[in-house]
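Heads up, the thing below is written out as structure tokens.
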Amino acid sequence: MIRHRILEQLAAALHKAAPNLNNLAVDESVLSGFKLERPRNPEHGDYAVNVSFLARHTKMAPPKIAEVISACLEGVRPEDISVIGGYLNFKITEAMLAEALAAIIHVEKTGLNDSQADKRILLEYVSANPTGPLHIGHGRWAALGDAIVRILRHNGAFVTAEFYINDAGVQMGNITTSVYWRAVELLKAKGALPKSVEVPDVLPYPGEYVADVSALYLSDESREQRFIAAHANHADALADEALQAELKAFSKTVLLEAQQALLGNLRVHFENWISEKEYLYDRDVIGGTLERLSAQGYTYEAEDALWFKSTEFGDEKDRVLRKSDGSFTYLTPDIAYHDDKFNRAERYNCILNIWGADHHGYIPRMRGAIEALGHDPNQFEVLLGQLVNLIVDGERTRMGKRRKMLTLQDVVDEVGVDATRFWMVSKSADSALDFDVDLAASASSENPVFYVQYAHARCCSILRNAVEPAPNVDTGEMTAPFVQADALKSFEAGLTPHALALLFDSLTEPRDQAVLKALVLLLDGFEDTVRDAARLRAPHFITQYLQDVSSQFHSFYGVCRILTPEPALTQARLMLIRAIQKTLAQGLDLLGVSAPEKM
RNA sequence: GCCUCAGUAGCUCAGUUGGAUAGAGCAACCGCCUUCUAAGCGGUAGGUCACAGGUUCGAAUCCUGUCUGGGGUACCA
């Protein structure tokens, strides 16, 4: 990590220079003011740092400060530093580049670090109702969440991914009602029930998939018989509790399994699937949480309901916990659930949730409940994602409004897993995402994932061609490979920075050298990108980075031939290709996107 | 009304602890395949960073206000 080394040298120089800087007190907050950046103008060196922020502390002019610090820098050749205004400009030597490249070759996984090693994170995301197919918005949370899990782990965090199944509450009743009436419709159609039975015009869940669930239920003859019998015994067979429970359980299982299958297809993995009904209601943990809340004096009864004094924690109004009909609101089991998260044996110190922006107003009351229960609200973190707009025929459509809505499965079928995942995380979660189905499905060149995958495949192709005999263009005879596979392998295993000299020396055009240097510095900076992506929960840093590397590689490919008649030179250049290929593969893996060896 | 996200090139978006001349992809235009994959490369053009103030040596970035758009503001989840 060249950047880190420069920052260390700067810190040492600053300590040494302090007496000449009006006895500046050098501490962590001062040192963190050094921001190393890559200047656009090559005359400003390869890395630059602005020291103007020290002007206030030292009461000195920035150019003077830069002069003083540069005089104290050690381990840097004077010709590699320049001072322009308040800037210190560093020139990166080929020796440093070679060292960085060799380090990438030797490390098993690029970008691996321990910046989040003290974090024990429970990440909950997607958490859909098992009342229908996942929609495109769920796809964003799925891609985002799984990428964040992978990125956090690459930074050393202990992470558990969890899916909360909302299988209790009124929505489950709604899907049960809907499945019931679709079944009645189907039975009427085949004459098993009289035509006189009336089906409501509007069902809570109008989607066509509901009828599929009903048909699947009725496909078992004994179930169909039970359904008809229950119908004969009750005016409204939904009053038959046994049937209702069976329909509910059946619907949940079928719909949940469909969600799980799709998420599996998307390579989105959860360690835990927590059922609201089984984990919270059946084990009766909600009551215990409510008692503790009440014992602390944070609840009261009014208008036949039980309320939580969330206003004491900054919420705009108090919230109902138990409705006047005796049932809980959504909030109540969710409070118990979050209470449980804090109490797990894993001793998590970060309870992280990904929620859609439509749940924004829900945060203060949940945070309040967490605090009321004696947990540290600072360990509760919500990553809010703006919603996804579906664009069909160039028009925005609101999800769920249409009877036949486009599901996540439809999208994946059209554009594939890789493109879906890459697209979904390629923009900041703070921005609403436009998902243009026609565009994503038709225009492959418009989708950056192919650009990155192609760069990876191109690296693999070069590495393959290097060690395989190929037919001569003119004679058709098989010629010897550019390098021997065994020789290349041992060259790579025993690679020293010195052995890379040919890679840098063989390029004579300054422009080509600049491309090579930019490429190596980019590869060297992968760890920084991985750290930032974890710290800010921002996988789009990775997509951006991968596109940068790919672009820089394609440029380099254009100006420098890798496979040459000189084995020594070829080997050295192949090490660069290996480093690029490793980094691209690692970056794609952090996003859960495949890195094809051929395209 | 209040809370919140956004407003940057024709379009979609990067730009996170404030730093040198604001970037990328797509679209447009001009070039480049006898050679390791043209799903590629080089070049041209394209900007009042919504607007107005403020803080600062310095603002797309921080503060205040205004405008526009998304989301929320349930005893739904």
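Proteins get letters first, then strands, A, B, ... in listed order; numbering begins at 1 in each. The basis for the numbers below is simple: all heavy atoms, side chains too, and nothing from hydrogens, waters or symmetry mates.
Here A/H554 lies in heavy-atom contact (under 4.0 Å) with sugar-phosphate atoms only. Among the protein residues, A/A538 comes within range of no part of the nucleic acid, since none of its heavy atoms lies under 4.0 Å from any strand. No contact: A/A61 has no heavy atom under 4.0 Å from any strand. Residue A/R511 is classed as a sugar-phosphate contact, given heavy-atom separations below 4.0 Å to backbone atoms only. Across all strands, A/R561 comes closer than 4.0 Å to base atoms (heavy-atom distances). A/S555 comes within contact range of the sugar-phosphate backbone alone, with a heavy-atom separation under 4.0 Å but no base atom that close. When heavy atoms are screened at a 4.0 angstrom cut-off, A/C460 is found touching no nucleic acid atom at all. Within the 4.0 angstrom heavy-atom criterion, base atoms lie near A/K598. Counting any heavy atom pair closer than 4.0 Å across all strands shown, A/N50 reaches a base atom.
At B/A14, none of the side-chain N or O atoms of A/Y545 fall inside 4.0 Å of OP1 or OP2 (strictly under the cut-off). Using a 4.0 Å cut-off, some side-chain N or O of A/H540 falls inside it from OP1 or OP2 of B/G15. Taking only side-chain nitrogens and oxygens, A/Y557 never comes nearer than 4.0 Å to OP1 or OP2 of B/G42.
Per the geometry, CG belonging to A/L321 stands 16 Å off P belonging to B/A74, to the nearest Å. A/K427 places its NZ atom 14 Å from the P atom of B/C11, with the value rounded to the nearest Å. One can place CZ of A/R319 at 9 Å from P of B/U73, the figure rounded to the nearest angstrom. Rounding to whole angstrom units, CZ of residue A/R537 and P of B/U16 are separated by 18 Å. B/G70 atom P lies 14 Å from atom CD1 of A/I391, rounded to whole Å. One interatomic measurement links the two molecules: CZ of A/R458 to C1' of B/U35, which rounds to 13 Å at whole-angstrom precision. Atoms CD (A/E316) and C1' (B/G1) sit 11 Å apart, rounded to a whole Å. Nucleotide B/C36 holds its C1' atom 7 Å from the CZ atom of A/F482, rounded to whole Å.
Atom CD of A/E597 has 12 or fewer heavy atoms from other residues, nucleotides or ligands within 6.0 Å.
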May I have the step-by-step check of side chain to side chain donor-acceptor pair (under 3.5 Å) for A/N89 and A/Y47, ending in yes or no? CA-CA 6 Å; A/N89 301 311; A/Y47 275 118; over 6 Å; no

(Q) Walk me through whether A/D315 and A/S310 qualify under side chain to side chain donor-acceptor pair (under 3.5 Å). (A) CA-CA 5 Å; A/D315 198 6; A/S310 55; 3.0 Å; yes

One pair to check against side chain to side chain donor-acceptor pair (under 3.5 Å): A/E162 and A/Y337. What are the steps and the verdict? CA-CA 12 Å; A/E162 188 158 295; A/Y337 174 43; 2.6 Å; yes

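Partner assigned to B/U73 is B/G1, using Watson-Crick or G-U wobble distances below 3.5 angstrom. Pairing of B/A50, defined by two Watson-Crick or G-U wobble distances under 3.5 Å, is identified with B/U66. Look at B/G40: its Watson-Crick or wobble partner, with both distances under 3.5 angstrom, is B/C32. Using the Watson-Crick or G-U wobble rule with both distances under 3.5 Å, B/C26 pairs with B/G10.
For A/T131, the side chain to side chain donor-acceptor pair (under 3.5 Å) criterion is met by A/Y205, not counting sequence neighbours. By the side chain to side chain contact (heavy atoms under 4.5 Å, CB included) test, A/E316 pairs with A/R319, sequence neighbours left out.
With C1' as the reference atom, B/G18 and B/U55 are 11 Å apart, rounded to whole Å. Taking the C1' atom of each, B/U35 and B/C41 are spaced 15 Å apart, rounded to whole Å. Separating the P atom of B/A50 from that of B/C33 is a span of 43 Å, rounded to the nearest Å.
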Between the protein and nucleotides 4-9 of chain B, which nitrogen or oxygen pairs are less than 3.5 angstrom apart?
from: B/U4; atom 1: O4'; to: A/H360; atom 2: NE2; distance (Å): 3.1
from: B/C5; atom 1: O4'; to: A/Q386; atom 2: NE2; distance (Å): 3.4
from: B/C5; atom 1: O2'; to: A/D430; atom 2: O; distance (Å): 2.3

Grab the N/O contacts between the protein and nucleotides 75-77 of chain B below 3.5 Å, and write none if there aren't any.
from: B/C75; atom 1: O2; to: A/S324; atom 2: N; distance (Å): 2.7
from: B/C75; atom 1: O2; to: A/S324; atom 2: OG; distance (Å): 3.1
from: B/C75; atom 1: N3; to: A/S324; atom 2: OG; distance (Å): 3.4
from: B/C75; atom 1: N4; to: A/E303; atom 2: O; distance (Å): 3.2
from: B/C75; atom 1: N4; to: A/E303; atom 2: OE1; distance (Å): 3.4
from: B/C76; atom 1: OP2; to: A/K323; atom 2: NZ; distance (Å): 2.9
from: B/C76; atom 1: O2'; to: A/Q171; atom 2: NE2; distance (Å): 3.2
from: B/A77; atom 1: OP2; to: A/Y330; atom 2: N; distance (Å): 2.8
from: B/A77; atom 1: O2'; to: A/N129; atom 2: OD1; distance (Å): 3.4
from: B/A77; atom 1: O2'; to: A/N129; atom 2: ND2; distance (Å): 3.4
from: B/A77; atom 1: N3; to: A/H359; atom 2: NE2; distance (Å): 3.3

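Annotated as syn: B/C33, whose glycosidic dihedral is within 90° of 0.
A salt bridge is absent between A/E303 and A/R322: the closest approach of a Lys/Arg side-chain nitrogen to an acidic carboxylate oxygen does not fall below 4.0 angstrom. Look at A/D167 and A/K277 and you find no salt bridge, because none of the NZ, NE, NH1 or NH2 atoms lies under 4.0 Å from a carboxylate O.
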Whether each nucleotide of nucleotides 56-63 of chain B has a protein heavy atom under 4.0 Å at its base (B), only at its sugar-phosphate (S) or at neither (-) is summarised, 5' to 3', as SBB-----

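Checking side-chain atoms of A/N353 against main-chain N and O of A/W355 turns up no donor-acceptor pair under 3.5 Å.
Below the 3.5 angstrom threshold, one finds no donor paired with an acceptor across the side chain of A/D434 and the base of B/U12.
Taking the side chain of A/E37 as heavy atoms from C-beta on, and the options B/G40, B/G71, B/A20, the nearest nucleotide is B/A20.
How far OG of A/S115 is from CZ of A/R535: 9.0 Å, rounded to the nearest 0.5 Å.
Under the 30°/60° scheme for interplanar angles, the aromatic rings of A/F53 and A/F34 are found to stand perpendicular.
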Can you list, pair by pair, the side-chain donor-acceptor contacts under 3.5 Å of residues 563-576 of chain A, counting residues two or more places apart and other chains?
from: A/T564; atom 1: OG1; to: A/E566; atom 2: N; distance (Å): 3.2
from: A/T564; atom 1: OG1; to: A/E566; atom 2: O; distance (Å): 3.2
from: A/T564; atom 1: OG1; to: A/T570; atom 2: OG1; distance (Å): 2.8
from: A/T570; atom 1: OG1; to: A/T564; atom 2: N; distance (Å): 3.0
from: A/T570; atom 1: OG1; to: A/T564; atom 2: O; distance (Å): 2.9
from: A/T570; atom 1: OG1; to: A/E566; atom 2: O; distance (Å): 2.9
from: A/R573; atom 1: NH1; to: A/R561; atom 2: O; distance (Å): 2.7
from: A/R573; atom 1: NH2; to: A/S506; atom 2: OG; distance (Å): 2.9

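Comparing A/F541 and A/A48 by the nucleotide of RNA chain B whose heavy atom lies nearest to each, the residue mapping closer to the 5' end is A/F541. In terms of position on RNA chain B, the residue among A/P39 and A/F556 whose nearest nucleotide sits closer to the 5' end is A/P39.
Exactly one residue among A/R367, A/K341, A/R537 makes a salt bridge (charged side-chain N to carboxylate O under 4.0 Å, His left out) with A/E381. That residue is A/R537. Considering A/V49, A/I65, A/I6, A/L36 in turn, A/V49 is the only one that fulfils the side-chain contact (heavy atoms from CB on, under 4.5 Å) rule with A/L88.
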